[in-house]
Amino acid sequence: MSEVPKAYESGKIESKWYDFWVRQGYFTPRIDPDRKPFVIVMPLPNVTGDLHLGHALFVTLQDMMTRWRRMLGEPTLWLPGTDHAGIATQVVVERQLAEQGKTKEEIGREEFAKLILKWANKNRHDIRHQQQLLGASCDWTREKFTLDEGPSEAVRTAFVRLYNKGLIYRGERMINWCPRCQTAISDLEVEHKDITGHLYYIRYPLTESEGFVTVATTRPETFLGDTAVAVNPEDKRYKKLIGKSVTLPIIDREIPIIADDAVDTSFGTGALKITPAHDPTDLEVAQRHNLPLVDIMNPDATMNENAGPYRGLERFACRDKVLADLKGKKLLEKIEPYSHSVGHCGRCQMMIEPKVSLQWFVQTQPLAKAAIEAVKDGRITIIPERFAKIYFDWMENIRDWCISRQLWWGHRIPVWYCQDCGKLTVSVDGPSACTHCGSKQVIQDPDVLDTWFSSALWTHSALGWPEDTDDLRYFYPGSVMETGYDILFFWVARMIMMGLENMGEVPFHTVYLHGLIRDKGGEKMSRSKLQANAMSPAEPIRDYGVDALRFALTVGSTAGNDMSLGQDKLESGRNFVNKLWNATRFILRSLDAEQLEAQVTELQPQRLEDQWIDSQLNKLVKNVTGLMEEFQFGEAEQQIYDFIWSKFCDWYIEIAKIRLRSQLTPSPLPFLANTLEKSLRLLHPFMPFVTEELWQSLKQRLRDKGRMPASIMIAPYPFADDKGFAPEAERVMDSLTEIIHSIRNMRAEYKVKPNRWIAARIYTDELLSGLTTQANIIETLAKVRPLTILGRQERERTKDKALVLVLREAEVVVPLADMVDRRAEEQRLLGESEEIKGRIARLESRLSDSAFLSKAPSHVIDRQKQKLATLEDKLKRLHRELSQLSSPSADN
RNA sequence: GGGCGGUUAGCUCAGCGGUGAGAGCGCCUGUCUUACACACAGGAGGUCAGAGGUUCAAAUCCUCUACUGCCCACCA
């Protein structure tokens, strides 16, 4: 295997194995009625463009879970798909058209839809490719697009059913209107921003007498739509005026002064202008008092015919003119600076216009009730838990969901209006005639549905619903919904509502919410916003490899916490890949040198370090399994990393080198191979490509290769064996490493060289080989006193004075005296002794505290006692060492 | 206005009742020791934001404060 290159070359290896996996069909689960499947439905990336690092994160997390469960032997489905993303997509394509100087109206609805489709298809292809680059082991044979016929039929079916149950209705309600997109949007799609504006005090002259009522408003232009002035019924200032009227300036409309509790007497002047068509609160007041609605704006936010002299003006231009006119009439009392929150379109950032409009709505309360119940009673678990509270809050205060959009891209609303009788026909399949009067003059509603309506159905529509398919029966409900917490309301909440409604069963059992990847400035990564700050995964993949990227994105991370991704993390990931690569290279080369075919099963550890590494590995497996089950993936990955680097490479391989070099039997190669093989399997869900590459190379050199699967991704995930723990071996090894540490420490301090020799000497002196599980390290060490731990050249000239190393369980005498600065050494020892004295004092006072003794559990007390004994012992030795230092005569 | 986070080593973060506080990167000192300089060995660096409280025991639980980020909200 000498052809193994010195460093990992990610690109070629990644595509090689991905193609292999796809060819083998590993991503497609077999439906096995006897086994419970593991199912993740992929959050749908929008077709609006390339993926960014946020997508890389979700792909990594979901792939990790998927690969892990697959290796546990469960039929595993990770279902991919893409979303047509109504507004988002339309906005982008409109922008492209605008660059060519065209509008969508010019080319027409059909052409426009074709144009979007073409663009969307290209993006879908790119998105799929990028997910594949990341190693996504999702079942591409089941891939779906929200506008596919199946999911589209599901959308119509859900609509019709909800309509028939009275849960979808059409009505004139206050909605958020985006003048740029020229469509209604839901409350969730509105982003509130704090705006520093003004509060304008406007005088409305009383109709029947002298004087004014002054109202305060942030939007003076809306006075054109006022239909009343409201005051609080308890407000003494205005009591006399209730029932009277004022005349709107300029347009001379007489409107009543009414009393309503909604008015806050302390705000502004205590008199509130009522503009029912353009303000939600005002609308409520108007409905209580049967006030008329006056809509003063066109869809593009220019003023309409109701605005009289201001007709045709854009809303802000109108504001300026209104203010100037009022000022001219001395009706503008004052202007105060005022900061308040104003809604903006989540897609195009245009200021939202609240507006009464005829739209379709989902009545959400009944759906929400069931959805709340599902989380409350534990059928769904939300991770991290704190988001459950946020979920409840939102669900409990949910308002009806405006689902109609005045767009051209999306699922058309399945409603037909009869031109003759005026009634509606709501149907899954386009009707040829009105179901009420039979007239053929039926016209379909021109609007489309909110994208999130189809997304909400995705957990079942992507599996074939409303058809009763094998997939639907087997794979619903899903296991885990993994997504970012930013779409908890948009998507997760609605999937739960719709899943329960359509399927009568929760759509998944666990919701795992990951944090957001932020850029250096702490901004959330997004590609659809104007200030696109999204970082593509392509560059890190090219420079560091996919495995390094996946590692960087997930190691040590926690659910729900945001993170930033920097160079250093990517480098750390790459370094780990390199470490693993070279450790394997070493093992393969050693196998070559010994002409050995190792085996990885049925090993019986005889030697201390073999028992130790086995025990450590077992402990790791146990921890990892527990952590994975608790969704603590970052910690699991961290522990695997620590094991491979700090235990396996730093200690086991280093010791094995000595054994190999001196041809000691038994050979460590079986344990090297075994530990490596299991480590690779443990790591595979996190870093699929290197692990497959290395595993395949290793497999070639194994005697049991015939019984091994064709790929690591279908090999079983390691499981912990209760018999695999060797506490005694761990204890001894701990002592040993502590000895070696101390020696190295001294070496560095006294600049002794060469460096690696210490471990080697100890080993070749048969120190380690003499240690069995029952061995007493002190005895063993005693045999080799004074321990020869120096380099050859020093060995001869260090017969002088010994220095005693104080260790937890042993004394090691190191002949170093001739190179020691006694003064400095004395100082060091004194310092150490002071520190130990302090700790002893603390322990003693704790152990004489009756409260501690009576209330703390016995194992805690025991440990304190043990510690105290150790420290006292250590202090004694320190003192001895000090006295030896001051009387340099003994020859040890 | 309401809610939820964060504040731990120079930086990015983990730990979230059991007692000398961890990682990666950075820094300092050595080492090209034939798996790996994308490395090895050694080291420095922290009153765990502040103040109270609960407990035998608090970075970890409670309360308040400060700074910071985010989410929700019909503040005219």
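First the proteins, then the strands, lettered A, B, ... as listed; each starts at 1. Computed from a predicted structure; not experimentally measured.
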Heavy-atom protein contacts under 4.0 Å, nucleotides 52-64 of chain B, coded B base, S sugar-phosphate only, - none: ----B--------
Residues in ring pair (Phe, Tyr, Trp, His ring centres under 6.0 Å) contact with A:H192, at least two apart in sequence or another chain: none
Within residues 833-854 of chain A or reaching into it, pairs that qualify as ring-ring contact (aromatic ring centres under 6.0 Å, His included) - sequence neighbours excluded: none
Those residues of residues 546-559 of chain A lying under 4.0 Å from RNA chain B by at least one heavy atom: A:G556, A:T558
Partners passing side chain to side chain donor-acceptor pair (under 3.5 Å) against A:S186 (at least two apart in sequence or in another chain): A:E189
Give me the distances for all protein-to-nucleotides 1-11 of chain B N/O pairs that come in under 3.5 Å?
unit_1, atom_1, unit_2, atom_2, d
B:rC4, OP1, A:K389, NZ, 2.6

Sequence-distant partners of A:R399, side-chain contact (heavy atoms from CB on, under 4.5 Å), two or more places apart: A:D187
Closest to side chain of A:N582, choosing from B:rC75, B:rA35, B:rC74: B:rA35
A:F633: ring pair (Phe, Tyr, Trp, His ring centres under 6.0 Å) partners, not counting sequence neighbours: A:Y512, A:F631
Contacts of type ring pair (Phe, Tyr, Trp, His ring centres under 6.0 Å), residue A:Y641, not counting sequence neighbours: A:F551, A:F576, A:W645
Span that lies between the C1' atom of B:rC27 and that of B:rA44, in whole angstrom: 8 Å
OP1 or OP2 of B:rA35 under 4.0 Å from side-chain N/O of A:K657: yes
Residues in side chain to side chain donor-acceptor pair (under 3.5 Å) contact with A:K273, at least two apart in sequence or another chain: A:T222, A:D226, A:T275
Detail all sub-3.5 Å separations between protein N/O atoms and N/O atoms belonging to nucleotides 44-46 of chain B.
none

Qualifying side chain to side chain donor-acceptor pair (under 3.5 Å) pairs, either residue in residues 258-269 of chain A, two or more places apart: A:D260-A:R288, A:D260-A:H289, A:D264-A:S266
A:R863 side chain near B:rU19 phosphate (N/O to OP1/OP2, under 4.0 Å): yes
